[in-house]
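Heads up, the thing below is written out as structure tokens.
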There are 2 protein chains.
Amino acid sequence: MTAARSTRPAVRDLSERLAARGRRPTAQRLLVLEALRRTRHTVTAPELFELLREDHPLLGRATVFRTLDSLVDAGLAQRFERPGHVYAYAACSSDHHHHLVCTSCDTSFEIDEAAIASLTRGLEAQHGFTVHHATLDFYGLCSRCAGARV
Amino acid sequence: MTAARSTRPAVRDLSERLAARGRRPTAQRLLVLEALRRTRHTVTAPELFELLREDHPLLGRATVFRTLDSLVDAGLAQRFERPGHVYAYAACSSDHHHHLVCTSCDTSFEIDEAAIASLTRGLEAQHGFTVHHATLDFYGLCSRCAGARV
DNA sequence: CGGGGCGCTGATACTGAGGATCAACGTATA
DNA sequence: TATACGTTGATCCTCAGTATCAGCGCCCCG
């Protein structure tokens, strides 16, 4: 597999984020990230593996799992709950880690981080707690699905 | 800081909540709920099973899994992430579903729901989204652990 | 420019959380 | 007391996620 030579923002972002942790922006990682960016929906690791395998039969199963973890770790993807005790993933820009997730069509929408930052600071002050990371995800129906199922 | 420690309401609460769904407040369910209330920490289903089995060797494994799901469903427990892609659980009062979780000692603290309610309403208005349920959990260090690891 | 360290990959086999199933049981209502 | 129905525990199964490891390729340093 050849190394990526494009200079699109996604690539630069990934490269920087990974480099900051002594990791490499490999073709596989870009592949996974771009596939994740392309779907507007949340995807489980096995789903994404099957999806990618259609075009890239060489891609390894373990690699997809590992890569998704790296992406979450690098702040470029977010983990969600799916019914049935399964994790699903969605790409997110480096500044927006929280989402509205439609439980009907699995589409995810990014949330403006400002409101949340102030909430976090309030909680830290109130409880003497040091927040490192938060899952702050809202599940429900998007306007389209809410309308469609009246 | 310690959360409210009112003892008996647990049973009434469970009964009502379950009855509202045509379900029964069985001895097993109370057992699981009380064990969950007793630990101030988050616990995984297998951990809780092992814990309960010491005193109640008859208790079935599947029952613990089922019961934890019922409790979450009834709003009396909350699911969390643990490193290693595992779910952990904590009891919560019917009105407080969101927590601060210490990643060092696994203790969980309830968050006042008022601030969150207004955040939710704002998001609903802003995105035309209908929120049914939210995971709103903050992971980090509690004051004790933050102090201890200087 | 050539070797060596190290991170990454893909294949395989494994682990264990959680679910499905089902006969037996308990409890509430008729 | 009889009956219906939710619940339980035992067993077996599924499959998401992990560990392992040999081979490979990038990058650094001589």
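Letters go in sequence order (proteins before strands), and every chain restarts at 1.
Interatomic distance, B:Leu59 CG to B:Leu51 CG, rounded to the nearest 0.5 Å: 11.0 Å. Taken to the nearest 0.5 Å, the CG atom of B:Leu71 stands 9.5 Å off from the OH atom of B:Tyr89.
Contact check of residues 82-92 of chain B against DNA chain D (heavy atom, cut-off under 4.0 Å) returns B:His85. Heavy-atom distances under 4.0 Å link DNA chain D to A:Ala45, A:Pro46 of residues 43-52 of chain A, given in residue order.
Terminal axes of the helix from C:dC1-D:dG30 to C:dA30-D:dT1 (five pairs each, C1' rotation axis) are separated by 40°, to the nearest 10°.
Judged by distance alone, with hydrogens and angles left aside, the side-chain atoms of A:Thr103 form a donor-acceptor pair with the main-chain N or O of A:Gly140 at under 3.5 Å.
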For a quick test of your reading: what N or O donor-acceptor pairs under 3.5 Å do the side chains of residues 124-131 of chain B make, sequence neighbours left out?
from, atom 1, to, atom 2, distance (Å)
B:Glu124, OE2, B:Val131, N, 2.8
B:His127, ND1, B:Leu123, O, 3.4

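The ring of B:Tyr87 has its center closer than 6.0 angstrom to the ring center of A:Tyr87.
Grouping Ile, Leu, Val, Met, Phe, Trp and Tyr residues whose side-chain heavy atoms lie under 4.5 Å apart, directly or via other members, leaves A:Val86 alone, with no other cluster members. Summarising the hydrophobic clusters (Ile, Leu, Val, Met, Phe, Trp, Tyr; side-chain heavy atoms under 4.5 Å, direct or chained), the residues clustered with B:Phe65 are none. The other members of the hydrophobic cluster of A:Phe80, by chain and number, are A:Val101, A:Tyr139 (side-chain heavy atoms under 4.5 Å, ILVMFWY only).
Distance, A:Leu68 CG to C:dT9 P: 12 Å, rounded to whole Å.
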Each nucleotide of nucleotides 6-11 of chain D classed B (base within 4.0 Å of a protein heavy atom), S (only sugar-phosphate) or -, in 5' to 3' order, makes BSBBB-
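Listed by first and then second residue, the side-chain hydrogen bond (donor to acceptor under 3.5 Å, both in side chains) pairs involving residues 110-120 of chain A are A:His98-A:Glu113 (not counting sequence neighbours). Sorted by first and then second residue, the pairs that involve residues 40-67 of chain A and meet salt bridge (charged side-chain N to carboxylate O under 4.0 Å, His left out), not counting sequence neighbours, are A:Glu47-A:Arg82, A:Glu50-A:Arg53.
Contacts of B:His41 classified as ring pair (Phe, Tyr, Trp, His ring centres under 6.0 Å), with partners at least two apart in sequence or in another chain: none. A search for salt bridge (charged side-chain N to carboxylate O under 4.0 Å, His left out) contacts involving B:Arg79 returns A:Glu81, B:Asp69, not counting sequence neighbours.
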